[in-house]
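Below: one structure, written as structure tokens.
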Amino acid sequence: MIAAAFRSSLLTCVLAFAASAQAHDPLSRMLDAAHAQVGVTTVYDPAYRVLDYPGGDVPMDRGVCTDVVIRAMRAAGVDLQVRVHEDMRAHFGRYPAIWGLSRADRSIDHRRVPNLETYFARLGASLPPAADASAYRAGDLVSWRLPRGEPHIGIVSDRRSDDGVRPLIVHNVGAGAQVEDVLFKWPPTGHFRYRAAAFAAQP
């Protein structure tokens, strides 16, 4: 329990440092914050939780794939909880009608992959999913559908596979935040590129 609390405190400090104006450019802050989750977020936990707003988060030791992205992008100054919630409130009908909801829910909407895919596409951040590793840059977001159809998302790392061919992916697919060679483990279905100008304002 003490070790878990220490890891959570450490990640909080790292994320705060990464978010500071002195800690490189936004993309570097995002990548630093993504990698900092490894070894701290150790539990895959999809349970619904009522979150504070803005800046709400589940406990640092747990989360799902979207939480890796949310935490990393907050370090770059982009709060996806606020961004997705406000856009869904204004344009609810443009988002997937998968969960039987009739209005936006600021505790969960940003934690669902199809909603993030829709939001990034509405920002104009979409790129064609490619089978060529060179098409992916560090900081890009990639989504997949796992073999049983579950949506998944991760962040392209600035680290490479052992053969140097593929960028690794920071993600949580069930064992906590990991950096793994999984870019083409499943066919990519979404590819999104962080651009500061695009993320500076709502669509």
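The first residue in the sequence is number 1, and the count goes up from there. Because the structure is predicted, anything quoted here is derived from the model rather than measured.
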With sequence neighbours excluded, residues passing side chain to side chain contact (heavy atoms under 4.5 Å, CB included) with [X]:
{"X": "Asp132", "result": "Ser134"}
{"X": "Asp109", "result": "Val84, Met88, Leu101, Ala104, Asp105, Arg112, Asn115"}
{"X": "Arg159", "result": "His35, Ser157, Leu168, Val179"}

Does [X] reach the side chain of [Y], with side-chain heavy atoms less than 4.5 Å apart?
{"X": "Pro167", "Y": "Arg160", "answer": "yes"}
{"X": "Val40", "Y": "Asp61", "answer": "no"}
{"X": "Tyr194", "Y": "Val78", "answer": "yes"}
{"X": "Val142", "Y": "Val156", "answer": "yes"}

**Report entry** side chain to side chain donor-acceptor pair (under 3.5 Å) partners for Ser143, two or more places apart
**Finding:**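 In terms of side chain to side chain donor-acceptor pair (under 3.5 Å), with neighbours along the sequence ignored, Ser143 is linked to Glu117.
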Query - Under the side chain to side chain donor-acceptor pair (under 3.5 Å) test, residues paired with Thr189 that sit two or more places apart - result: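 Side chain to side chain donor-acceptor pair (under 3.5 Å) list for Thr189, sorted by chain: empty.
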Going from [atom1] on [X] to [atom2] on [Y], what distance comes out if it is rounded to the nearest 0.5 angstrom?
{"X": "Asn172", "Y": "Gln37", "atom1": "CG", "atom2": "CD", "answer": "9.0 Å"}
{"X": "Ile153", "Y": "Asp67", "atom1": "CD1", "atom2": "CG", "answer": "11.5 Å"}
{"X": "Arg71", "Y": "Thr66", "atom1": "CZ", "atom2": "OG1", "answer": "9.0 Å"}
{"X": "Leu27", "Y": "Arg29", "atom1": "CG", "atom2": "CZ", "answer": "10.0 Å"}
{"X": "Phe120", "Y": "Arg83", "atom1": "CZ", "atom2": "CZ", "answer": "10.0 Å"}
{"X": "Phe192", "Y": "Leu123", "atom1": "CZ", "atom2": "CG", "answer": "10.5 Å"}

Query raised in the report: What residues, two or more places apart in sequence or in another chain, satisfy ring-ring contact (aromatic ring centres under 6.0 Å, His included) together with His110?
Result: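 So His110 forms no ring-ring contact (aromatic ring centres under 6.0 Å, His included) with any residue.
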Query raised in the report: When you look at Val68 and Ile155, which way does the side-chain contact (heavy atoms from CB on, under 4.5 Å) test go after all the steps?
Result: CA-CA 8 Å; Val68 175; Ile155 300 173; 4.2 Å; yes
Query raised in the report: Only one of Arg106, Arg74, Arg111 forms a side-chain hydrogen bond (donor to acceptor under 3.5 Å, both in side chains) with Gln81, so which one is it?
Result: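 Only one of Arg106, Arg74, Arg111 forms a side-chain hydrogen bond (donor to acceptor under 3.5 Å, both in side chains) with Gln81, namely Arg74.
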Just by distance, do the side chain of [X] and the backbone of [Y] share a donor-acceptor pair under 3.5 Å?
{"X": "Asp79", "Y": "Pro54", "value": "no"}
{"X": "Arg49", "Y": "Ser107", "value": "no"}
{"X": "Trp144", "Y": "Leu183", "value": "yes"}
{"X": "Arg62", "Y": "Val43", "value": "no"}

Would you name the heavy atoms of [X] and [Y] that are closest together and state the gap between them?
{"X": "Ala34", "Y": "Val170", "answer": "O-CG1, 3.5 Å"}
{"X": "Ala72", "Y": "Ala33", "answer": "CA-CB, 3.9 Å"}
{"X": "Ala76", "Y": "Met30", "answer": "CB-CB, 4.1 Å"}
{"X": "Gly154", "Y": "His171", "answer": "CA-CB, 4.1 Å"}
{"X": "Ala130", "Y": "Ala135", "answer": "CB-CB, 3.7 Å"}
{"X": "Gly63", "Y": "Val58", "answer": "CA-CG2, 4.1 Å"}

Query raised in the report: Checking side-chain contact (heavy atoms from CB on, under 4.5 Å) for the pair Leu116/Leu141: CA distance, chi angles, key distance, verdict?
Result: CA-CA 10 Å; Leu116 290 186; Leu141 306 171; over 6 Å; no
Requested in this report: Before giving the answer on side-chain contact (heavy atoms from CB on, under 4.5 Å), spell out for Tyr44 and Thr42 the whole-Å C-alpha distance, their side-chain angles and the decisive distance to 0.1 Å.
Outcome: CA-CA 7 Å; Tyr44 184 89; Thr42 57; over 6 Å; no
Query - Pair Asp140-Arg193, side-chain contact (heavy atoms from CB on, under 4.5 Å): steps then yes or no - result: CA-CA 5 Å; Asp140 284 1; Arg193 179 156 294 157; 2.8 Å; yes
Query raised in the report: Going by the angle between their ring planes, with limits at 30° and 60°, are Tyr53 and His85 parallel, tilted or perpendicular?
Result: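 Perpendicular, since the angle between the ring planes exceeds 60°.
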